[in-house]
Amino acid sequence: MPQQTQRRMMRLGAFVHETGQHVAAWRHPQAHFHSGASFADAVEVAQTAERGKFDFLFLADTAAVSLSGTPESRGRMGKVVKFEPMTILSALAAVTKHLGLVATSTTTFNEPYTLARQFASLDQISGGRSGWNLVTSNNEDDALNYSLEQHPAHADRYERAIEFAEVVTGLWDSWDEDAFIRDKESGVFFDPSKLHPLHHKGKHFQVRGPLNVGRSPQGRPVLVQAGASGTGRDVAARLAELVFTAQTTFEQGKEFYGDVMGRLPRYGRSPAEVLVMPGLYPVVAPTESEAREKFEYLQSLIHPSVGLAVLEHTIGVHDLDKLPLDGPVPEMPDTNGPLSRQRLLLDQARRDNLTLWELCLANAGPRGHVLTIGTPSQVVDEMEHWFKDGACDGFNVMPAWLPGSLTDFVDLVIPELQRRGLFRTEYEAMTLRGNLGLPQPISRFHADRFAGAAQ
């Protein structure tokens, strides 16, 4: 009998902020307004995501509290304090069994040995469920907390990031899988021939290694990257196994997907090694009218000063409060911060002829990601279109407020995805890499051996 090919399944991440994706999420009557200070809230969210068979929980991060905007706007922000990601994910590893645990950690304000050790430790603690979201930090305020007077330039950040990732992945290959013998009778704890110092000397880093954490249960933590600029796409094609991205239309998503996949061969990689997952901001209810009521209710909670301040932060431009809210969105200079997101939102404003306040409203929830409002069937129709017609391999789901919007997605959307055969009904593996269907990485210290065997 001919061998049956395995059906391609959608991948889903739960992208969670402290109170939810929406800027006014904390004001919802049932919202987790203590999030960022309540471990119980974090446990509820993680276990809800695992109940929905999500591939992973993803925590974005920044190392600064924004002091931009007016004092009034600052006092109305609901997402100013948060747990340090590695700390909270290590704790959540103990109360989940299958859910992947992915955290942002910047290459701009870290050292590769420390970061490699942290994620390798999380991988051991969780049984192989960790992932590192490599970012260069587009938040200019971060620099002020790391003894710098200004943020490093865009090109410099990416140059450092590439070498940083090279060091980290090399450190993760420090030990062979079978290096540790631990034979009490013979007294041999490990085989020295299966230990590999790195001896890296580059422009930005000198790291001898080896890492003092054993090899990951999944080979290496999954490497994630999010960047839509030309340089960011190259980094994604070169390094990433999961690519997070932001687009507002299917056409943009398909162009990005094709472009990243088209860049893979120059780095000796194939599409089987990379998954592209745009952000999805779903608002779902049993009827479309109920879903729209949910959407409009959250929108009504946005204070004008907050809408403006968040837009300033998202696109890296200041003094928007000096412009008329009902006037057109002006041309803006390129930023040293979130350049790709700025261009995405300004393109949306021009395409849809938005006023400045309308752009604030459009940014308040999705922030440049896919917005879908409707019944479970309508939401899944949109997801299926992107998935089957060449724009993605799955989605980073961004619940508007927590825990309610995540619960809505798990209770309403997941069953419809499963009914259509687009999403798992049970986890396939115990590791994040296994559930994502990503190949087991080959240690760089054995790559020549495997290449020779293949010839």
*Donor-acceptor pair, Gln247 side chain versus Gly368 backbone, under 3.5 Å?*
no
*Would a distance-only check, ignoring hydrogens and angles, find a side-chain to backbone donor-acceptor pair under 3.5 Å from Gln418 to Arg424?*
yes
Is the closest basic N to carboxylate O distance between [X] and [Y] below 4.0 Å?
| X | Y | result |
| --- | --- | --- |
| Glu166 | Arg444 | yes |
| Arg292 | Glu288 | yes |
| Arg233 | Asp259 | yes |
| Asp411 | Arg51 | yes |
| Arg420 | Asp381 | yes |
| Glu163 | Lys203 | no |
| Arg419 | Glu416 | yes |

*Do the side chains of Asn435 and Asp55 get nearer than 4.5 Å, heavy atoms only?*
yes
*If we only count heavy atoms from C-beta on, is the Tyr113 to Phe205 side-chain gap below 4.5 Å?*
no
_Run Asp173 and Arg220 through salt bridge (Lys or Arg N to Asp or Glu O under 4.0 Å) and show every step you take._
CA-CA 8 Å; Asp173 287 343; Arg220 292 181 204 139; 2.9 Å; yes
Does one side chain, of [X] or [Y], offer a donor that lies under 3.5 Å from an acceptor on the other?
| X | Y | answer |
| --- | --- | --- |
| Thr62 | Asp142 | yes |
| Thr114 | Gln118 | no |
| Ser105 | Asn110 | yes |
| His446 | Asp176 | yes |

Drop me the distance from [X]'s [atom1] to [Y]'s [atom2], to the nearest 0.5 angstrom.
| X | Y | atom1 | atom2 | result |
| --- | --- | --- | --- | --- |
| Gln21 | Ser405 | CD | OG | 10.5 Å |
| Thr136 | Phe164 | OG1 | CZ | 12.0 Å |
| Trp357 | Leu320 | CH2 | CG | 12.0 Å |

*asked:* Against the six-membered ring of Phe387, is Arg8 placed for a cation-pi contact (under 6.0 Å from the centre, within 45° of the normal)?
replied: yes
*asked:* Classify the ring geometry of Phe409 against Phe54: parallel below 30°, tilted from 30° to 60°, perpendicular beyond 60°.
replied: tilted
*Just say parallel, tilted or perpendicular for the rings of Phe109 and Tyr146, cut-offs at 30° and 60°.*
parallel
Does [X] have more than 12 heavy atoms from other residues, nucleotides or ligands lying within 6.0 Å of its [atom1]?
| X | atom1 | result |
| --- | --- | --- |
| Glu273 | CD | yes |
| Arg351 | CZ | yes |
| Arg117 | CZ | no |

*Start with the C-alpha gap between Glu44 and Thr48, add the side-chain angles, then the distance that decides, and say whether side-chain hydrogen bond (donor to acceptor under 3.5 Å, both in side chains) holds.*
CA-CA 6 Å; Glu44 181 180 359; Thr48 300; 5.2 Å; no
_Pair His369 and Tyr281, ring centroids less than 6.0 Å apart_ = no
_Within the 6.0 Å centroid threshold, strictly below: His17 and His32_ = no
*Kindly write out the residues that satisfy side-chain hydrogen bond (donor to acceptor under 3.5 Å, both in side chains) with His385, not counting sequence neighbours, or none if the list is empty.*
Asp389
